[in-house]
Trainee: 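Mind having a look at this structure? Questions to follow.
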Amino acid sequence: MTATARETVLRRVRDALALSDGPEVTVPRGYRTGRSLPDEERLALFVDRLVDYRAQVRTCTAATTAAVLAEVLHTHGARKIGVPPGLDPAWLAGFDGETVTDSAEVPAPSLDALDGVVTGSAVSCAETGTIFLDGAAADQGRRALTLVPDLHVCVVELSSVRTGVPEAVAQLTPEHPITLISGPSATSDIELERVEGVHGPRTLAVVIRTDR
Amino acid sequence: MSSPTGPATQGTFLGMPAVPPRSPYGTGHLRGERSFPRAAHDELGNEQLRRNLGKATHSIRAKRLAVTGELPDWEQLRDTGSAIKTDTMNRLPELLEQLERKVTERGGTVHWARDGVEANEIVTRLVRETGSDEILKVKSMATQEIGLNEHLASQGIAALETDLAELIVQLADDRPSHILVPAIHRNREEIREIFLRHIPGVDPALDADPARLAAAARAFLREKFMTTKVAVSGANFGIAETGTLAVVESEGNGRMCLTLPEMLITVMGIEKVLPRFQDLEVFLQLLPRSSTGERMNPYTSLWTGVTPGDGPQEFHLVLLDNGRTAALADRIGRAALNCIRCSACLNVCPVYERTGGHAYGSTYPGPIGAVLTPQLAGMHGAKNDPNSSLPYASSLCGACFDACPVKIDIPSLLVELRHQHTEQSGTTAEKLAMKAAAAVMKRPGLFTAAQKAAGLGRVPAGRDGTLSRLPPPLNGWSDSRDTPAPPKQTFRSWFASAEGAAAMRAAAEEGARHTDDAPHTDDAPQEES
Ligand code: SF4
């Protein structure tokens with residue numbers, strides 16, 4: 001009987017290790033972990049990084065969320081927006097356009113007809129200006145929803161913003177579909193000149209809630 | 001414990017390790033048609049290429065230094081990254097089995113491919129079973145290495161690249177010249193021409209503004225994203241602990257391909273596995289900062305098997321050997337497998353900067369390509385194998401080692417590879433190195449200037465305070481005399497001094513006289529003379 005590719009590759013790996021033994025290592029973890037910064041510093045750092053990536057940033061409180069979201073959507077001329085099924089309806093109380101609740105049954109190409117999308121977020125990293133979306137969370141929705149429309153308005157709770165990458169990664173549920181977003185879609189493929197919005201949303205607007 | 005093996009190994013004792021095979025000769029893109037000096041010489045005629053490259057590498061270099069300098073724990077992250085990769089290689093069998101188990105538990109299917117031919121067949125069969133004759137591609141080194149697109153085309157399946165640069169390269173029927181920015185050798189006017197000629201229905205008034213060129217690609221690809229049923233990607237990381245795959249990108253074409261089609265096929269080299277989910281916290285800091293000089297790339301997708309109601313409902317992972325186990329069996333190759341393909345070493349290399357990626361003849365160009373390619377595909381696959389010239393495609397200035405986020409000591413590996421090659425071919429390393437240097441730098445004076453600029457910091461002075469051995473290509477000179485060096489000075493600072501520069505110049509001039517002075521016109525392969 002001939003060996004399967006699986007058996008062969010695994011045997012080759014074992015043979016290779018027998019022929020050249022690498023140094024035993026213990027992985028040092030001397031880099032920074034478990035950092036925390038006071039709210040104000042974290043917010044300032046996060047905003048600085050988001051702006052550097054040409055995301056548009058607004059802050060609000062629980063009380064002003066609806067008004068700020070309505071204003072952001074209005075500024076971008078968004079009349080028809082998609083939302084994940086678990087998004088807090090109170091957030092959109094000030095929006096007078098059409099709201100379409102997404103579900104797995106909606107064919108992805110039809111998302112192209114939306115002017116924009118509003119979602120929550122799972123966790124963020126201040127130091128890199130990165131927002132993590134958890135596709136299994138009811139207020140963030142499936143991955144296609146935040147990808148196909150041209151405008152993504154993302155609501156971030158300041159309490160969910162972590163200082164660095166290790167602190168943020170530790171909050172994730174690995175098995176969920178996760179998307180890390182740092183600014184809008186961008187390319188530098190033509191003479192290294194940065195162009196925003198190739199295939200993902202051309203505009204990322206981040207609304208940071210400083211309280212709940 | 002050993003299972004019965006194929007006919008080729010019958011007769012060996014069970015359990016006796018056999019040297020794993022290299023990537024088979026004549027398949028895929030791990031070997032050019034001409035030796036490096038010869039190819040480099042032709043590329044040097046391309047002024048446009050050199051201007052674009054110079055601009056690109058310098059600007060990425062500056063950005064990279066700025067964002068790595070921002071992290072006070074950068075060196076610790078490099079140490080951790082390096083140790084995680086070394087640990088991974090040590091435990092590769094168990095990690096691969098764990099990855100397979102986790103992906104399978106989560107509704108994915110895992111395939112194993114001994115080489116590129118087998119991987120291509122697996123992908124072709126999976127695509128056929130869907131009834132589709134077109135697929136979308138996410139930029140991936142592994143699928144380039146095995147020549148997947150060409151194979152699919154020969155089977156009547158059209159594979160469309162969706163990364164903007166890869167699309168430009170594909171439409172122009174060209175080859176990528178940089179790991180990260182594959183179309184860096186093209187300028188905007190050329191790209192406009194390519195789009196006008198090859199994108200169906202493109203606006204004939206399209207101008208050469210990068211934003212409008214990108215918009216034209218967006219419009220062309222959007223419809224494809226919405227209608228194509230199968231996508232093929234590579235993977236930056238595969239997490240054994242959880243079965244999670246990761247793709248790091250900028251444009252969103254990756255997200256489109258990973259999310260919208262019904263079936264996703266991911267081809268991943270077996271060295272890309274990482275032990276723990278937590279390890280991402282290290283590599284998500286090392287990779288973007290080293291690669292594009294950004295704090296984080298715009299998009300990273302993480303997925304684990306199949307998620308009902310979200311993304312492709314069928315997921316296949318193809319684990320690719322194709323010479324990786326041969327590399328693993330060798331000390332040099334094993335170190336080279338730690339590479340996370342960030343391309344930082346390309347951007348700091350004075351040789352790459354002058355020749356561009358095509359001269360290396362392989363999917364993997366630049367300093368790491370010069371090590372990895374011969375390890376995956378061998379240096380003696382043919383008479384005058386072009387790969388045997390790759391270890392000489394370097395000035396050994398050490399900049400690549402300093403830049404590498406996982407601390408691969410590329411210069412030392414190149415020196416060892418040169419040694420392996422000359423032992424087998426019976427010729428001298430310095431002669432070949434000077435040929436390569438002369439071809440790349442045209443005049444030896446330029447070569448020494450490049451070395452000086454980059455800083456040659458790799459040779460300690462001997463106990464008597466002299467440098468009795470310079471690294472190749474300069475050791476032909478130092479073999480016959482001792483180079484005085486003040487004992488308290490590092491080689492680097494000695495090298496930067498007027499005295500050091502003069503000594504180097506003399507060495508290079510002398511070396512050039514030893515190279516038959518014919519690196520530019522000799523059509524025959526130049527090694528093995
Ligand atoms: S060898 Fe190091 S610097 Fe070069 S591409 Fe690989 S990881 Fe990056």
Side-chain angles (χ1 to χ4, degrees), chain A residues 1-3 5-20 22-25 27-32 49 104 108-109 112 127-130 135-136 142-144 147 165-166 169 174-175 177-193 195 198-200, chain B residues 3 5-6 17-18 20 56 59 73 76-77 79-80 83-84 86-87 89-90 92-93 112-114 164-165 181 183 187-188 191 210-211 213-214 218 226 242 244 250-253 255-256 259-260 277 280-281 284-285 295-296 298 300-304 307 309-311 321 325 328-329 331 334:
Chain A
M1 214 191 81
T2 29
R6 178 182 190 279
E7 287 162 355
T8 305
V9 173
L10 282 171
R11 193 205 66 234
R12 287 180 186 171
V13 176
R14 292 199 173 92
D15 282 357
L17 294 183
L19 288 165
S20 95
E24 285 293 317
V25 286
V27 175
R29 301 266 173 190
Y31 54 90
R32 296 170 302 164
R49 301 298 146 91
D112 213 8
E127 190 169 63
T128 60
T130 304
R142 58 180 176 153
R143 288 169 286 172
L147 172 63
V165 173
V169 167
E175 289 79 10
I178 294 162
T179 308
L180 282 64
I181 293 177
S182 308
S185 151
T187 183
S188 302
D189 279 345
I190 302 170
E191 293 185 23
L192 239 57
E193 193 167 299
V195 173
V198 193
H199 306 298
Chain B
S3 51
T5 51
S59 102
D73 54 351
Q76 282 92 328
L77 285 165
D79 285 335
T80 308
I84 291 174
T86 305
D87 179 47
M89 296 309 154
N90 287 346
L92 203 49
W112 300 70
R114 282 166 275 222
L164 179 54
V181 273
N187 65 20
R188 61 184 74 189
I191 293 167
L213 291 171
R218 177 186 172 104
M226 300 299 168
T242 57
T244 306
S250 292
E251 293 173 11
N253 65 305
R255 290 179 69 192
M256 289 276 183
T259 314
L260 298 184
F277 190 79
L280 283 175
E281 74 189 19
L284 287 178
Q285 295 189 75
R295 298 187 182 103
M296 190 67 86
T300 297
S301 297
L302 306 177
W303 75 98
T304 310
T307 305
D310 186 348
D321 179 351
T325 48
L328 190 66
R331 203 191 69 77
R334 201 170 167 154

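Order of the sequence lines fixes the chain letters, A, B, ..., with proteins taken first and strands second; residue numbering starts at 1 for each chain.
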Trainee: If you tally heavy-atom pairs under 4.5 Å against chain B, which of A:D112, A:T128, A:L147, A:V9 wins?
Mentor: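 Max contact count across the listed options: A:L147.
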Trainee: Counting only non-hydrogen atoms closer than 4.5 Å, does B:T307 touch chain A with its backbone (N, CA, C, O), its side chain (CB onward), both, or neither?
Mentor: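 Only the side chain of B:T307 comes within 4.5 Å of chain A.
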Trainee: Could you check whether any side-chain N or O of B:R334 sits under 3.5 Å from a backbone N or O of A:S20, counting only pairs where one atom can act as donor and the other as acceptor?
Mentor: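 Such a contact is found between B:R334 side chain and A:S20 backbone.
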Trainee: Locate the shortest heavy-atom distance separating A:R143 from B:D310; write the atom from each residue and the value.
Mentor: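 Here A:R143 and B:D310 meet closest at NE-OD1, 3.1 Å.
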Trainee: Would you say the side chains of A:T187 and B:E251 form a donor-acceptor pair under 3.5 Å?
Mentor: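 Yes.
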Trainee: Hey, what do you get for OG1 (A:T8) to CH2 (B:W112), rounding to the nearest 0.5 Å?
Mentor: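 So the gap between those two atoms works out to 11.0 Å.
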Trainee: Among A:R49, A:E193, A:R142, single out the residue with the greatest number of heavy-atom pairs under 4.5 Å to chain B.
Mentor: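 If we count pairs closer than 4.5 Å to chain B, A:R49 comes out on top.
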Trainee: Need one label for B:A211: side chain, backbone, both or neither, based on atoms under 4.5 Å from any heavy atom in chain A.
Mentor: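 Contact with chain A: backbone and side chain both.
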Trainee: What pairs with B:N253 under side chain to side chain donor-acceptor pair (under 3.5 Å), at least two apart in sequence or on another chain?
Mentor: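 Checked B:N253 against side chain to side chain donor-acceptor pair (under 3.5 Å); matches are B:T162.
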Trainee: Taking C-beta and beyond as the side chain, do B:D79 and A:Y31 meet within less than 4.5 Å on heavy atoms?
Mentor: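 Result no, sub-4.5 Å side-chain heavy-atom pair not found.
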Trainee: So which residue, A:G30, A:A186, A:P109, ends up with the most heavy-atom pairs under 4.5 Å with chain B?
Mentor: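 Looking at each of A:G30, A:A186, A:P109 in turn, A:A186 comes out on top.
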Trainee: Give the minimum heavy-atom separation between A:P184 and B:P298, together with the two atoms involved.
Mentor: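 For A:P184 versus B:P298, the nearest heavy atoms are O-CB, 3.9 Å.
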Trainee: What residue in B:A329, B:G252, B:S301 has the most heavy-atom pairs under 4.5 Å with chain A?
Mentor: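 When all of B:A329, B:G252, B:S301 are compared, B:A329 has the most.
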Trainee: Using a cut-off of under 4.5 Å for heavy-atom pairs, which of A:A108, A:P23, A:A18, A:G183 has the most such pairs with chain B?
Mentor: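 So the answer, after comparing A:A108, A:P23, A:A18, A:G183, is A:P23.
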Trainee: Could you look at B:L328 and say if it's the side chain, the backbone, both or neither that has a heavy atom under 4.5 Å from chain A?
Mentor: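 Both parts, backbone and side chain.
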Trainee: Can you tell me how far the CD1 atom of B:I191 sits from the CG atom of A:D189, to the nearest 0.5 Å?
Mentor: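 Reported to 0.5 Å precision, the distance equals 8.0 Å.
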Trainee: Under a 4.5 Å cutoff for heavy-atom pairs, which residue among B:T244, B:N187, B:L280, B:L213 has the most contacts with chain A?
Mentor: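 Highest number of pairs under 4.5 Å: B:N187.
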Trainee: Using a cut-off of under 4.5 Å on heavy-atom pairs, state which of A:G135, A:P177, A:A104 scores highest against chain B.
Mentor: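 Among the listed options, the one with the most contacts to chain B is A:P177.
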Trainee: Looking at chain B, which one of A:V169, A:L19, A:T130 has the largest number of heavy-atom pairs inside 4.5 Å, strictly under?
Mentor: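 Looking at each of A:V169, A:L19, A:T130 in turn, A:L19 comes out on top.
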Trainee: Quick one, A:R29 with B:I84, criterion side chain to side chain contact (heavy atoms under 4.5 Å, CB included). Give me CA distance, side-chain angles, the key distance, then yes/no.
Mentor: CA-CA 10 Å; A:R29 301 266 173 190; B:I84 291 174; 4.0 Å; yes
Trainee: Taking all heavy atoms of B:L260 and all of A:A144, pick out the closest pair and write down the distance.
Mentor: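 Looks like CD2-CB, 3.7 Å.
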Trainee: To the nearest 0.5 Å, tell me how far A:L180 CG sits from B:L302 CG.
Mentor: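 Answer for the CG-CG pair, A:L180 versus B:L302, is 6.0 Å.
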Trainee: Given a strict heavy-atom distance threshold of 4.5 Å, which part of A:V198 is in contact with chain B: side chain, backbone, both, or neither?
Mentor: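 Interface part for A:V198: both.
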Trainee: Name all residues meeting the side chain to side chain donor-acceptor pair (under 3.5 Å) criterion together with B:R331; count only those two or more places apart in sequence or in a different chain, and write none if there are none.
Mentor: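 B:E416.
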Trainee: Under 4.5 Å heavy-atom distance to chain A, tell me which part of B:S59 shows up: side chain, backbone, both or neither.
Mentor: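 Side chain only.
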Trainee: I need the minimum non-hydrogen distance between A:T179 and B:R255, along with the two atoms involved.
Mentor: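 Reported closest heavy-atom pair: CG2-NE, 3.5 Å.
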Trainee: Among B:R218, B:R188, B:M226, which has the most heavy-atom pairs under 4.5 Å with chain A?
Mentor: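 Between B:R218, B:R188, B:M226, the count favours B:R218.
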Trainee: Examine distances only and state if a side-chain atom of A:R12 and a backbone atom of B:R114 form a donor-acceptor pair shorter than 3.5 Å.
Mentor: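 Checked: pair present.
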Trainee: How far apart are the closest heavy atoms of B:T304 and A:P174, and which atoms are they?
Mentor: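 That would be OG1-O, 3.3 Å.
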Trainee: For the CG atom of B:L164 and the NE2 atom of A:H199, what is their distance to the nearest 0.5 Å?
Mentor: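 Here the rounded value is 6.5 Å.
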Trainee: Working to the nearest 0.5 angstrom, can you tell me the gap between A:S185 OG and B:M256 CE?
Mentor: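 Result: 8.5 Å between the selected atoms.
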Trainee: Taking atom CZ of A:R14 and atom CG of B:L92, what is their separation to the nearest 0.5 Å?
Mentor: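 Here the interatomic distance stands at 10.0 Å.
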Trainee: Highest number of heavy-atom pairs under 4.5 Å with chain A: which of B:T242, B:V181, B:T80?
Mentor: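 Result: the option with the highest number of such pairs is B:T80.
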Trainee: Where do A:L17 and B:P93 come nearest, in terms of heavy atoms and distance?
Mentor: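 Taking A:L17 first and B:P93 second, the nearest heavy atoms are CD1-CD, 3.5 Å.
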